Number of protein chains: 2
Amino acid sequence: MVVRLNAMGVTTVFSHTLAEGSGFTPEQVRKDFSEYKIRGHRRGGYSTEKLLSDMESLFKRDRMSNVILVGMGNLGQALARYQQLQQRGINIVATFDIDPYKQKSRTEYQVYSMDRLQEIVERFSVLVAIVAVPDISAQDVCSQLIDMGIRGIVNFSPVMLKVPEFVVVNNVSLSDEIESVIWFVRSLKKGPTLYL
Amino acid sequence: MVVRLNAMGVTTVFSHTLAEGSGFTPEQVRKDFSEYKIRGHRRGGYSTEKLLSDMESLFKRDRMSNVILVGMGNLGQALARYQQLQQRGINIVATFDIDPYKQKSRTEYQVYSMDRLQEIVERFSVLVAIVAVPDISAQDVCSQLIDMGIRGIVNFSPVMLKVPEFVVVNNVSLSDEIESVIWFVRSLKKGPTLYL
DNA sequence: GATTTAATGTGAAACAATTCACAAAATATG
DNA sequence: CATATTTTGTGAATTGTTTCACATTAAATC
């Protein structure tokens, strides 16, 4: 958003502008900026240029993050072709699948077989992996990854991965996201957060 | 999870079992069940069979929910082929795209052009739509959908949709999910929740 | 059948997040 | 240059969520 504004030639933004565009309240925006020592001007708002550089260093978007993608089924392939990741500084250095036929896929990426994992993780010192494999193999793949040095996992499979506490896991469930909207629409009030 | 346990012949579960498998604490599980009047037995835990039927009626998974999918790019196609949705009672009744060539896609779904929207939303009384179109067309598509009676939107585009208050929107950003893991791994402490 | 054990169910306490309210600063206006 | 206006920055109040602690129940054991 700030990128767009800056590109449009806007030099300053106000907390309420950012809030409207991002779904937060102006107070939340200011509190969060404040906590990370990002300062604005009393009356002139925030400078888009300064904001951009502050946020780049804060999120460390200045250098690209190398990640690997394991599992080249439907979702894996979609992620591999997903433009936005590059723009956000997320660089998929390699993709993997047990099935060598997935190599035929229409992705520009080469799909490696699992036995090349070690080599590539080491070569690019990759710390984060995206797991988009079927549930049955998720835990197995996950354990392998951790052994090879992976310390962060974005898990698209619907199983709770068992990991040591020094590994961070983010579980993303597309079904849950859709189901929660269905729930809201049907009941028009807040439902339980629990999906088993 | 409960489905699997029940299929395996397990007749009772404890709150701590469910907690471990789902990433919540036992207290959270019990509180949530309690709020929705799902009762267990003071020593025998919860009956999987009863749980299953209670949850089905609670989430209204007993009948299928009809949704439509707009935008058959990479992500759209992946979602259209995503098995898990069916299992969760989410039924994609039709898919749409402005580009008629997307009809050639390897999906079993027919891809309709946008002018069939009205007809199909009405015919199947669809209330929820999944939006996986490029950012530039997101707001436009969204407004059309609402005019046609859609009341819930799962938004995969990176723009904040402007909607009337009777419409519920769930914004899902795959980049954010990945970036947050990168953040955690790099800093090993909690970062800001704000991504602009 | 008395006692121990293992679980639920739920108030109360602790903690976290959000909103409110307003002083301080900087610009704009007359 | 005095006054009004706009916006930040942040304590204080509110609201929401998670954890704790324990009474209650039912089964298991002795």
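A, B, ... follow the sequence lines: proteins, then strands. Residue 1 opens every chain. As the structure is a prediction and not an experimental result, all values here were calculated from the model.
- Here D/dT8 is the nucleotide among D/dA21, C/dA12, D/dT8 with the atom lying nearest to any side-chain atom of A/Y46.
- Put simply, CG on A/D32 is 16 Å from P on C/dA16, counting in whole angstrom units.
- Between B/I38 atom CD1 and C/dT8 atom C1' the separation is 14 Å, expressed in whole Å.
- A search for salt bridge (charged side-chain N to carboxylate O under 4.0 Å, His left out) contacts involving A/E122 returns nothing, not counting sequence neighbours.
- Side-chain atoms of B/K37 stay outside donor-acceptor range of the base of C/dG9, with no qualifying N/O pair under 3.5 Å.
- As rounded to whole Å, 10 Å separates atom P of D/dT8 from atom CZ of A/F33.
- B/S34 has no side-chain polar atom (N or O) that falls below the 4.0 Å cut-off from OP1 or OP2 of C/dG9.
- For A/Y36 and D/dG9, the OH to C1' distance is 17 Å, given to the nearest whole Å.
- A/S143 and A/Q139 are linked by a side-chain donor-acceptor pair at a separation below 3.5 angstrom, with hydrogens and angles left out of the test.
- Listed nucleotides C/dT10, D/dG9, C/dT19 differ in distance to B/R39; the shortest reach to its side chain belongs to C/dT10.
- The CD-P distance, from A/E20 to D/dT7, rounds to 13 Å in whole Å.
- Here the C1' atom of nucleotide D/dG9 and the NE2 atom of A/H16 are 16 Å apart, to the nearest Å.
- Here A/R42 pairs with nothing under the side-chain contact (heavy atoms from CB on, under 4.5 Å) rule; sequence neighbours left out.
- Rounded to whole angstrom, the span from the CZ atom of B/R30 across to the P atom of D/dT25 amounts to 16 Å.
- The distance between atom CD of B/Q28 and atom P of C/dT8, rounded to the nearest whole Å, is 14 Å.
- Annotation: side-chain contact (heavy atoms from CB on, under 4.5 Å) contacts of B/D147 (sequence neighbours excluded): none.
- Nearer the 5' end of DNA chain D, as judged by each residue's closest nucleotide, is the contact made by A/V13, out of A/V13 and B/E27.
- Side-chain contact annotation: B/T25 with B/E27, donor-acceptor N/O pair under 3.5 Å present.
- Take B/P26 and apply the side-chain contact (heavy atoms from CB on, under 4.5 Å) test, not counting sequence neighbours, and it matches B/S15, B/H16, B/A19, B/R30.
- A/D54 is linked by a side-chain contact (heavy atoms from CB on, under 4.5 Å) to A/I38, A/K50, counting only residues two or more places apart in sequence or in another chain.
- Relative to the side chain of A/K31, the nucleotides C/dG9, C/dG11, D/dG11 differ in distance, and D/dG11 lies closest.
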I'd like a table of atom pairs between the protein and nucleotides 26-30 of chain C - only N or O on both sides, under 3.5 Å - with the distance next to each one.
{"residue": "C/dA26", "atom": "O4'", "partner": "A/R42", "partner atom": "O", "Å": "3.1"}
{"residue": "C/dT27", "atom": "O2", "partner": "A/R43", "partner atom": "NH1", "Å": "2.7"}

